[in-house]
**Q** 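Below are the structure tokens for one structure; questions will follow.
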Amino acid sequence: MSSSPHSVNPLGRAPRRPSSTRRAQFNAGPRKHLGIAHVSLVVLASFASRVAAIDTTVKSIVVGATDHTCALMDDSSLMCWGSNGSGKLGVLKLPNTYVTSPVGPVNLGSGRTAKALSLGNSHTCAFLDDDTLKCWGWNNNGRLGYGDTTDRTAPDATAVVDLGSGRTAKALSLGESHTCAILDDDTIKCWGGGNYIGYGDTTQREAPDATAVVNLGSGRTAKALSLGNGHTCAILDDDTLKCWGYGGQGQLG
């Protein structure tokens, strides 16, 4: 296990083609997991009818690590389907059920819409039109970022994730038990399970640190990041790659 960032040589192995990666993800796990390869014609037909009914189209789609999917519509609303474990779909009062048709739109708060979203194993987060961040679903380890471990079966009506004074997020990725964001100043903050959030310790953080950011090296900032179940990788401003967290299967590179 490693809890602080390490540089990676990405040239040790040729990268897989994106289509192969997506195909492997979609074919993994039980068939109720709703990757593209497993969406039935009934689900697609139902989604199409719902889209037609509200006269809108899909702008982007994001799949979770295991069993839920959400679509950002062209009116900036969110529709979700799949497993609703701990309320990660954001719309149902029965948190441990699953649905095979899109439900929504997710209520993001009065007058609020979404600009982008990211899905983890058991939680969901969205950037809103006012540049705030809201998360919902399972909150074990404090991965939702609200300073507690209380599950939320829908976005909070008013509360948002506090990224620090004057700070907003420009990119986001969700893991199994942690969440990371690239902020508007190109620094990274992570919260949730302490073994893989990059602060050099194993302390669980139930909210983003008020001032501390992940130390990427002297003068270094981040351009992109991606989270796995128990590790994190970031592309830095000098086009190098650093990873941190669990490395038991060599996943840190």
Side-chain angles (χ1 to χ4, degrees), residues 18-19 21-138 143-144 152-156 160-161 169-175 179 181 226-227:
S19 60
T21 301
R22 289 195 296 271
R23 185 161 55 247
Q25 291 172 338
F26 291 153
N27 291 334
R31 292 192 62 85
K32 72 177 182 179
H33 295 177
L34 298 178
I36 296 302
H38 297 156
V39 178
S40 69
L41 294 177
V42 173
V43 173
L44 293 176
S46 175
F47 195 20
S49 65
R50 287 167 183 258
V51 168
I54 58 178
D55 192 28
T56 188
T57 58
V58 177
K59 182 159 55 176
S60 64
I61 191 163
V62 181
V63 297
T66 54
D67 53 15
H68 75 304
T69 306
C70 291
L72 177 61
M73 313 303 290
D74 67 357
D75 64 355
S76 299
S77 64
L78 295 182
M79 302 286 288
C80 298
W81 61 97
S83 168
N84 194 40
S86 301
K88 59 189 174 183
L89 299 186
V91 293
L92 299 180
K93 294 182 179 180
L94 299 175
N96 294 315
T97 59
Y98 66 91
V99 295
T100 57
S101 298
V103 290
V106 177
N107 185 355
L108 298 169
S110 179
R112 295 276 68 88
T113 58
K115 296 198 300 184
L117 72 158
S118 185
L119 279 59
N121 278 16
S122 302
H123 67 305
T124 304
C125 295
F127 295 130
L128 305 190
D129 60 297
D130 61 355
D131 294 321
T132 57
L133 175 63
K134 289 189 176 184
C135 298
W136 56 94
W138 195 24
R143 71 193 76 181
L144 299 186
R152 287 165 173 79
T153 58
D156 194 285
V160 297
V161 178
K170 59 193 296 186
L172 184 71
S173 187
L174 278 57
T179 305
S226 185
L227 275 59

**Q** Hey, are the side chains of L144 and V161 touching, using non-hydrogen atoms and a 4.5 Å cut-off?
**A**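 Side chain of L144 against side chain of V161, heavy atoms only: no contact under 4.5 Å found.
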**Q** For the atom pair CG (L92) and OG1 (T153), what is the distance rounded to the nearest 0.5 Å?
**A**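 Reported value, rounded in 0.5 Å steps: 9.0 Å.
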**Q** Is it true that a side-chain atom of K59 and a backbone atom of K115 form a donor plus acceptor pair closer than 3.5 Å?
**A**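 Flag not set: sc K59 to bb K115 has no pair under 3.5 Å.
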**Q** Return yes if some donor-acceptor pair links the side-chain N/O of T179 with the main-chain N/O of R143 below 3.5 Å, else return no.
**A** yes
**Q** Quick one: does any side-chain atom of T113 pair with a main-chain N or O of D129 as donor and acceptor, under 3.5 Å?
**A**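 A pair under 3.5 Å: no.
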**Q** Would you give the length of the straight line joining atom CG of L108 to atom OG of S76, rounded to the nearest 0.5 angstrom?
**A** 10.0 Å
**Q** Could you point out which residue of K88, H68, R152 forms a side chain to side chain donor-acceptor pair (under 3.5 Å) with T124?
**A** H68
**Q** Rounded to the nearest 0.5 Å, what's the gap from SG on C80 to CG on L89? Could you check?
**A** 6.0 Å
**Q** Closest heavy-atom contact between L78 and A126?
**A**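 Result for this residue pair: CD1-CB, 4.2 Å.
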**Q** Taking the side chain from K134 and the backbone from D156, do they hold a donor-acceptor pair closer than 3.5 Å?
**A** yes
**Q** Which atoms form the tightest heavy-atom contact between W136 and P155, and what is the distance?
**A**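 Smallest heavy-atom distance, with atoms named: CE3-CG, 3.4 Å.
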**Q** Kindly compute the distance separating OG (S118) from CG (L172), expressed to the nearest 0.5 Å.
**A**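 Rounded to the nearest 0.5 Å, the OG-CG separation comes to 5.0 Å.
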**Q** What closest approach, in Å, do A169 and A181 show between heavy atoms, and which atom pair accounts for it?
**A** CB-CB, 4.1 Å
**Q** With side chain to side chain contact (heavy atoms under 4.5 Å, CB included) as the criterion, how do M79 and V103 come out once you've worked through the C-alpha distance, each side chain's angles and the decisive distance to 0.1 Å?
**A** CA-CA 6 Å; M79 302 286 288; V103 290; 6.0 Å; no
**Q** Compare every heavy atom of P105 with every heavy atom of S77, then report the nearest pair and how far apart it is.
**A**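 Heavy-atom minimum between the residues: CB-CB, 3.8 Å.
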**Q** Indicate the atoms forming the closest heavy-atom contact of A171 with F127, along with that distance.
**A**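 Minimum heavy-atom contact is C-CZ, 3.6 Å.
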**Q** Show, in sequence, the C-alpha distance, side-chain angles and deciding distance for T66 and S83, and conclude whether the side chain to side chain contact (heavy atoms under 4.5 Å, CB included) test is met.
**A** CA-CA 9 Å; T66 54; S83 168; over 6 Å; no
**Q** Would S60 and L72 count as a side chain to side chain contact (heavy atoms under 4.5 Å, CB included) here? Give the steps.
**A** CA-CA 5 Å; S60 64; L72 177 61; 3.4 Å; yes
**Q** To check you understand the geometry: which heavy-atom pair defines the closest contact between C125 and L133, and what is its length?
**A** CB-CD1, 4.0 Å
